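Working notes, beginning with the structure itself.
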Amino acid sequence: MKYLSVILAFVLFSCSKQDELVVASKNFSEQVILGELLSQHIEQTLKVPVERKLNLGGTFICHNALIAGQIDVYVEYTGTAYTAILKREPKNNPKEVLAETKAAYRDRGISAEWTSPLGFNNTFAMIIRGEDARRLGIKTISESAKYTPQWKAGFGYEFMERKDGFPGLSDRYGLKFAETPKIMDLTLTYKAVAEKQVDFIAGNSTDGLIAKLDLFVLEDDRYYFPPYQAAPVVRIDTLKRFPGLREALNQLGGKITEKEMRQMNYAVDVEHRDVKQVVADFLKRRFPVGSEGL
């Protein structure tokens, strides 16, 4: 009986894992919010258990976990996949980048499918202090190049290494700094620039801390950065295991504006509200009880 119980427990565990869907996210607030949003929407629409692996890590950790079958779905950005994962040169047309990224995933045998973009573009943002922008009268990255030799910069590791990151940006705009840019955790860069430890950082255009800390986003006036449309990427075998999953994810297509994403980021980062509640409130507004899809 003892051995029978062990075998039965193993079978039940295996079945439960097979019926469970794993949602992951990268390691910053917006991604955690989006991972929770996917999780709650899937739970509500498909009535299946969701395991959350939020704050999992950077782009390559999440991508590799997806390919290895350790996770089932996470939100990626088109420009990130295009340049960092597929190693292609940045380009600016959003439709072309999305179409070519989808095709490249198929052609390379990557066992994952891109579903509908969520509706907002979270591009890299070159950020300085608002007081510096006003004092110097600068609005663009080109105008900042005159002052960067006296400034210190702080960037995340990925931004220093990626094709759409600092090396190409510095070439496009002729940016030179007082010293080699500091490699910092993304969560610390905003505090560092606000406290004048550095003067120039790479953030995200939808971050809520920009307004809170009186920071200024410099215009990418030479159109360096590609589009970064956020969209769920899901394993193909997961779509087969959960027949309604593709439709559920596509229901989120176009549902989040840049303003709404910035507001959710602000609620979490500045107001320190609970991520689950912020997401629940958003879904209630977007999918009222009794509406189609929920």
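These numbers come from a predicted model, not from an experiment.
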Checklist outcome for this item: Nearest heavy-atom contact between Asp132 and Arg135 is OD1-NH2, 3.0 Å
Item to check | Lys/Arg N to Asp/Glu carboxylate O, Lys53 vs Asp72, below 4.0 Å | outcome: no
Checklist outcome for this item: Residues joined to Tyr82 in its hydrophobic cluster, side chain to side chain under 4.5 Å directly or through other members, sorted by chain and number, are Val97
Checklist entry - Partners of Gln277 by side chain to side chain donor-acceptor pair (under 3.5 Å), sequence neighbours excluded? => result Asp281
Checklist entry - Which residue pairs pass the salt bridge (charged side-chain N to carboxylate O under 4.0 Å, His left out) test with at least one member in residues 191-200, sequence neighbours excluded? => result Arg129-Asp199, Glu131-Lys196
Checklist entry - Should Asn204 and Asn265 be marked as a side-chain contact (heavy atoms from CB on, under 4.5 Å) after you check the CA-CA gap, both sets of side-chain angles, and the distance that decides it? => result CA-CA 11 Å; Asn204 298 309; Asn265 286 332; over 6 Å; no
Next on the checklist: Using only atom types and a distance under 3.5 Å, with no angle test, would you say the side chain of Glu271 pairs donor to acceptor with the backbone of Val268?
Outcome noted: no
Item to check | Gap between atom CD of Glu247 and atom CG of Leu239 - 0.5 Å precision | outcome: 12.0 Å
Item to check | Same cluster (ILVMFWY, side-chain, under 4.5 Å), Val279 and Val270 | outcome: no
Item to check | Criterion ring pair (Phe, Tyr, Trp, His ring centres under 6.0 Å) on Phe200 and Phe177, from CA distance to verdict | outcome: CA-CA 9 Å; Phe200 188 106; Phe177 292 94; 5.2 Å; yes
Next on the checklist: Please determine whether residues Val50 and Val278 belong to a single hydrophobic cluster, defined as Ile, Leu, Val, Met, Phe, Trp and Tyr linked transitively by side-chain heavy-atom distances below 4.5 Å.
Outcome noted: yes
Checklist entry - Can you tell me if Thr59 and Glu158 form a side-chain donor-acceptor pair at under 3.5 Å? => result yes
Checklist entry - After noting the C-alpha distance and the side-chain angles of Arg286 and Glu260, does the key distance pass the salt bridge (Lys or Arg N to Asp or Glu O under 4.0 Å) rule? => result CA-CA 11 Å; Arg286 274 303 189 191; Glu260 288 171 325; 3.1 Å; yes
Checklist entry - Does Thr206 reach the main-chain N or O of Asn122 with its side chain, forming a donor-acceptor pair under 3.5 Å? => result no
Next on the checklist: Just so I know, are the side chains of Lys182 and Phe155 near enough to count as touching, which here means a heavy-atom distance under 4.5 Å?
Outcome noted: no
Checklist entry - What's the shortest heavy-atom distance between Thr123 and Phe225, and which atoms? => result OG1-CB, 3.7 Å
Item to check | Polar side-chain atom of Lys47 near backbone of Glu43 as donor-acceptor pair, under 3.5 Å | outcome: no
Item to check | Common cluster, Ile210/Met261, ILVMFWY with side-chain heavy-atom separation under 4.5 Å | outcome: no
Checklist entry - Donor-acceptor pair, Arg172 side chain versus Arg222 backbone, under 3.5 Å? => result yes
Item to check | Euclidean distance, Lys176 NZ relative to Gln150 CD, rounded to 0.5 Å | outcome: 13.5 Å
Next on the checklist: Can you give me the closest heavy-atom contact between Ala112 and Tyr105, atom names plus distance?
Outcome noted: O-CD2, 4.0 Å
Checklist entry - Taking all atoms of both residues into account, what is the closest heavy-atom pair of Gly156 and Ile183, and its distance? => result C-CG2, 4.4 Å
Item to check | Heavy-atom donor-acceptor pair, Glu143 side chain to Thr140 backbone, under 3.5 Å | outcome: yes
Item to check | Trace of the side-chain hydrogen bond (donor to acceptor under 3.5 Å, both in side chains) decision for Glu36 with Ser39 | outcome: CA-CA 5 Å; Glu36 180 61 30; Ser39 300; 4.9 Å; no
Checklist entry - Do you know the tightest heavy-atom contact between Gly174 and Ala145? => result O-CB, 4.3 Å
Checklist entry - Would you say Asp164's side chain and Ala84's backbone share a donor-acceptor pair under 3.5 angstrom? => result no
Next on the checklist: Using modelled atom types and a 3.5 Å cut-off, is there a donor and acceptor pairing between side-chain atoms of Arg235 and backbone atoms of Leu66?
Outcome noted: yes
Checklist entry - Does a sphere of radius 6.0 Å around NZ in Lys152 hold more than 12 heavy atoms from other residues, nucleotides or ligands, not counting ones at 6.0 Å or beyond? => result no
Checklist entry - Do Ile71 and Val234 belong together in a cluster built from hydrophobic side chains that touch within less than 4.5 Å? => result no
Checklist entry - Is there a donor-acceptor pair closer than 3.5 Å between any side-chain N or O of Arg88 and the backbone N or O of Ala81? => result no
Next on the checklist: Test of understanding: clusters of I, L, V, M, F, W, Y form through side-chain heavy atoms closer than 4.5 Å, transitively. Do Leu245 and Val73 belong to the same one?
Outcome noted: yes
Item to check | Candidate pair Asp207 and Arg262, rule side-chain contact (heavy atoms from CB on, under 4.5 Å), full reasoning | outcome: CA-CA 6 Å; Asp207 283 338; Arg262 195 176 299 115; over 6 Å; no
Item to check | side chain to side chain contact (heavy atoms under 4.5 Å, CB included), paired with Leu56, selected from Val32, Ile61, Val23 | outcome: Ile61
Checklist entry - After noting the C-alpha distance and the side-chain angles of Val193 and Ile128, does the key distance pass the side-chain contact (heavy atoms from CB on, under 4.5 Å) rule? => result CA-CA 7 Å; Val193 71; Ile128 61 176; 5.7 Å; no
Next on the checklist: Treating Thr78 as the side-chain partner and Pro227 as the backbone partner, does any N or O pair qualify as donor plus acceptor under 3.5 Å?
Outcome noted: yes
Next on the checklist: Quick check: Phe159 with Phe124 (ring centres under 6.0 Å apart)?
Outcome noted: yes
Next on the checklist: Donor-acceptor check, side chain of Tyr224 to backbone of Leu169, threshold 3.5 angstrom: yes or no?
Outcome noted: yes
Checklist entry - So, Glu113 and Arg106, do they make that salt bridge, N to O below 4.0 Å? => result no
Item to check | Arg162 and Thr80: CA distance, side-chain angles, deciding distance, side-chain contact (heavy atoms from CB on, under 4.5 Å) verdict | outcome: CA-CA 9 Å; Arg162 284 167 46 162; Thr80 301; 3.2 Å; yes
Checklist entry - Does the pair Glu76/Lys26 count as a salt bridge with the N-to-O cut at 4.0 Å? => result yes
Item to check | His63 ring center near Tyr74 ring center (under 6.0 Å) | outcome: no
Checklist entry - Between Glu100 and Lys91, is there a salt bridge with N-O shorter than 4.0 Å? => result yes
Item to check | Non-hydrogen atoms of Asn27 and Asn55 that approach each other most closely | outcome: CA-OD1, 3.0 Å
